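Remember, predicted model here, so these are calculated numbers, not experimental data. By convention in this document, chain letters (A, B, ...) are assigned in the order of the sequence lines, proteins followed by strands, and residues within each chain are numbered from 1.
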Amino acid sequence: MSILTPQAVPATPLVAPVRRSFLSGLGKFTLSATAIALLAGQERLALVGSAEAKTPNNDVAILNAALGAEQEAIAAYQVGANSGLLQKPVLALAVQFQGHHKEHAAALAATVKKLGGTPVEAKKTYTFPVEKLKTQADVLGFAAELEKGAVSAYLGAVPILDDRDLAKVAASILGDEAMHWAVLRNALGQNPVPTAFLS
Amino acid sequence: MKHLAALVAAVAATFTAGAGICRAADGDPVHGAQIYQRCLACHSLEHNRSGPRHCGLFGRSAASLPDFDYSRAMKASGFTWDEATLDRFLENPLKTVPGTKMAYAGVKKPQERADLIAYLKKATLDPEVCK
């Protein structure tokens, strides 16, 4: 039931290998306060056991889909950080945002486990449009697009999560990623908050 | 009573006109490209991500890319992707294909779906992107 089974990626310059050191670091996170709070609320469900749909919509599958997107975002920020295109204050920001995604991923993976599921694993390689990333603005624009996509994905998850506590956690992650999106747009000289509603 | 019958007929006509291909044909692909941004957390046209690539979608059987790990539910859906099946699936993926891995609430507004499908119809055949 792995959404992120490593897949053969065509041998084009699009392939951005994820550095090993970075991958091996993934296991080391201690859970944030949010994650612990979130897990504490899940004892009831965790006792239920199996990963298979205990709820009509299978919250485990929804969390795993979000986890897959978080893992990709972590890898994308790594590509940005390694690109040499980001200058000092922006680089620090990117690293900070990547840190948030790592916290989200750790919390999601821990919750999937607690619910009796198997967290999807990060892919060994992700395919990013690296040939289009030539300037700092390109990298920021790419990151902004991913953050916007993530906001939409959480927006699509909140209404279908059966467990209200999990929906709340998804909404809190959504808020964080919407802030990333706004800050990135601002750094690009774009209207940071272009609409009253997100979709 | 006559009024009621007329109303029922009018409503029925609206629904018929709104179904499937008719509505999709009215879709605005430019607006659809904006709607497609909602899919970009998991999909791209040309690459598999956490969701399968969309190039060549129209006319393809559901779950038919050999290099993507689909859910059993999607494999068993029996869909072939066209305006009508996409319209049904995208409105409520988990209801249309229970057990799908596409954990997404769906695109609820019919016009937005029509626009999105109009965009997909063009973009998934774009020779620049879909080589």
Assess whether atom [atom1] of [X] is packed by more than 12 heavy atoms of other residues, nucleotides or ligands within 6.0 Å.
X	atom1	result
B:K121	NZ	no
B:K108	NZ	yes
B:R60	CZ	yes

Closest non-hydrogen atom pair, [X] against [Y]:
X	Y	result
A:K123	B:N48	NZ-O, 3.4 Å
B:A41	A:A153	CB-CB, 3.7 Å
A:A61	B:A103	O-CB, 4.1 Å

Checklist entry - Where on A:E145 is there a heavy atom nearer than 4.5 Å to chain B: the side chain, the backbone, both, or neither? => result side chain
Next on the checklist: Quick check on the hydrophobic clustering: are B:I117 and B:V129 connected, directly or via other members, by side-chain heavy-atom contacts under 4.5 Å?
Outcome noted: yes
Next on the checklist: Is there a path of hydrophobic side-chain contacts, each under 4.5 Å between heavy atoms, that joins A:L155 and A:M179?
Outcome noted: no
Next on the checklist: Only pairs of heavy atoms separated by less than 4.5 Å count here; which of A:A73, A:S152, A:A66, A:A150 has the most with chain B?
Outcome noted: A:S152
Once you round to the nearest 0.5 Å, how far does [atom1] of [X] lie from [atom2] of [Y]?
X	Y	atom1	atom2	answer
A:Y126	B:R49	OH	CZ	10.0 Å
B:K101	A:N58	NZ	CG	12.0 Å
A:E72	B:C42	CD	SG	8.5 Å

